[in-house]
Amino acid sequence: MPSTYLSLHYHIVFGTKNREPLIPSSFLESLHAYLGGTIKGVGGSPQGVGGVADHVHILMGLPATLRLADVVRELKKASSVWMGAEKRTAAFAWQNGYAAFSVSATSRTKVQRYICNQAEHHQKISFREELIKMLGAAAITYDERFLD
């Protein structure tokens, strides 16, 4: 085959430092747009960005030349600096670590809807409960100590 064809899509989730509600509702839309722009800037394809005051969800496509860990590190670093400048405070930070799930082409629309409905979703379930559910569905072993 003379060409390479890929469909590498990831659902990424990461939270604010100590799961504090550090993202004011007035900043959510602009933060999500900034994260999408950062994904484009590193060569990825943002497919959905959403979240609430204490965490974000991102659906993105990446070319084979980009490593997921490098992209997430850049997203967290760039958005932390941007939030500090926009909020005019040094108190904003993301917690260490993240969750990442591969997403099939047939599931992307479902994941996009899920990401768009975060505010409604989190009226019923906490971020911790959501994360445990997602990890369980993906059969990912985790240590309870590192969920907080």
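Heavy-atom basis, side chains included; hydrogens, waters and symmetry copies ignored.
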K.L.:
State the CG-OG distance between L31 and S26, to the nearest 0.5 angstrom.
P.N.:
11.0 Å
K.L.:
How long is the gap from CD1 on I132 to CD1 on I125, to the nearest 0.5 Å?
P.N.:
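Answer rounded to 0.5 Å: 9.0 Å.
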K.L.:
Report yes or no: do I58 and L62 belong to one cluster of Ile/Leu/Val/Met/Phe/Trp/Tyr joined by side chain heavy-atom distances under 4.5 Å?
P.N.:
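Yes, because I58 and L62 connect within a single hydrophobic cluster, where side-chain heavy atoms sit under 4.5 Å apart.
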K.L.:
With sequence neighbours excluded, what pairs up with R67 under the salt bridge (Lys or Arg N to Asp or Glu O under 4.0 Å) test?
P.N.:
D70
K.L.:
Looking only at atom types and distance, does a side-chain atom of Q112 sit under 3.5 Å from a main-chain N or O of Q47, one as donor and one as acceptor?
P.N.:
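Confirmed, Q112 side chain pairs with Q47 backbone.
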K.L.:
For G44 versus L66, what's the shortest heavy-atom pair and its separation?
P.N.:
N-CD1, 4.1 Å
K.L.:
I need the I115 CD1 to L59 CG distance, nearest 0.5 Å.
P.N.:
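One gets 5.0 Å once the value is rounded to the nearest 0.5 Å.
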K.L.:
Identify the heavy atoms of I23 and V52 that sit nearest to each other, and give their distance.
P.N.:
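I23 and V52 have their closest heavy atoms at CD1-O, 3.7 Å.
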K.L.:
E74: which residues meet the salt bridge (Lys or Arg N to Asp or Glu O under 4.0 Å) condition with it, sequence neighbours left out?
P.N.:
K77
K.L.:
Can you list the steps and then say if I12 with M60 is a side-chain contact (heavy atoms from CB on, under 4.5 Å)?
P.N.:
CA-CA 8 Å; I12 311 300; M60 65 181 167; 3.6 Å; yes
K.L.:
Take L22 and D54, measure what side-chain contact (heavy atoms from CB on, under 4.5 Å) needs, and give me the verdict at the end.
P.N.:
CA-CA 6 Å; L22 299 175; D54 65 350; over 6 Å; no
K.L.:
What heavy-atom pair brings A64 and L6 nearest, and what distance separates the two atoms?
P.N.:
CB-CD1, 3.3 Å
K.L.:
Cluster question for you: counting only ILVMFWY and a side-chain heavy-atom cut-off of under 4.5 Å, with indirect links fine, are V49 and V103 together?
P.N.:
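The answer is no; the residues belong to distinct hydrophobic clusters.
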K.L.:
Does anything in residues 22-54 form a ring pair (Phe, Tyr, Trp, His ring centres under 6.0 Å)? List the pairs, not counting sequence neighbours.
P.N.:
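Of all non-adjacent pairs touching residues 22-54, those that pass ring pair (Phe, Tyr, Trp, His ring centres under 6.0 Å) are Y34-W82.
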K.L.:
In sequence, state the C-alpha distance, the side-chain angles, and the governing distance for Y10 and L68, and then conclude on side-chain contact (heavy atoms from CB on, under 4.5 Å).
P.N.:
CA-CA 9 Å; Y10 305 95; L68 178 62; 4.1 Å; yes
K.L.:
Contact between Q118 and E130 at the side-chain level, heavy atoms closer than 4.5 Å - yes or no?
P.N.:
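Yes, at least one pair of side-chain atoms sits under 4.5 Å.
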K.L.:
Would you give the length of the straight line joining atom CG of N117 to atom CZ of R113, rounded to the nearest 0.5 angstrom?
P.N.:
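Here the rounded value is 9.0 Å.
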K.L.:
I39 and S45: which non-hydrogen atoms are nearest, and at how many Å?
P.N.:
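Shortest heavy-atom separation between I39 and S45 comes out as CG2-N, 3.7 Å.
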K.L.:
Are more than 12 heavy atoms, taken from residues, nucleotides or ligands other than E20, located less than 6.0 Å from that residue's CD atom?
P.N.:
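Result for CD/E20: enclosed.
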K.L.:
Quick one: ring pair (Phe, Tyr, Trp, His ring centres under 6.0 Å) pairs with a partner in residues 55-76, sequence neighbours left out?
P.N.:
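Ring pair (Phe, Tyr, Trp, His ring centres under 6.0 Å) check on residues 55-76 returns H11-H57, H55-H57, H55-H122, H55-F127, H57-Y114.
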K.L.:
Using every non-hydrogen atom in the two residues, find where S7 and A105 come nearest and quote the distance to one decimal.
P.N.:
OG-CB, 4.3 Å
K.L.:
Determine whether K110 and S104 satisfy the following criterion, side-chain contact (heavy atoms from CB on, under 4.5 Å), listing intermediate values before the conclusion.
P.N.:
CA-CA 10 Å; K110 179 181 175 186; S104 69; over 6 Å; no
K.L.:
Are any of the side-chain heavy atoms of N18 and Q95 separated by less than 4.5 Å?
P.N.:
no
K.L.:
With a 4.5 Å heavy-atom cut-off, do L131 and Y142 have their side chains touching?
P.N.:
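L131 does not reach Y142 side chain to side chain.
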K.L.:
Let me check something: do M134 and I140 share a hydrophobic cluster, defined by ILVMFWY side-chain heavy atoms less than 4.5 Å apart, either directly or through other members?
P.N.:
yes
K.L.:
Should Y98 and V111 be regarded as members of a common hydrophobic cluster, given that ILVMFWY residues are connected when their side-chain heavy atoms come within less than 4.5 Å of each other, either directly or indirectly?
P.N.:
no
K.L.:
By side chain to side chain donor-acceptor pair (under 3.5 Å), which residues pair with S79, not counting sequence neighbours?
P.N.:
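So S79 forms a side chain to side chain donor-acceptor pair (under 3.5 Å) with W94.
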K.L.:
Per the side chain to side chain donor-acceptor pair (under 3.5 Å) rule, what does the pair list look like for residues 35-44, sequence neighbours excluded?
P.N.:
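Output for this query is empty, none listed.
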K.L.:
So is K76 actually on top of F14's ring, under 6.0 Å and inside 45° of the axis?
P.N.:
yes
K.L.:
Atom CZ in R19, atom CZ in R128: separation rounded to 0.5 Å?
P.N.:
7.5 Å
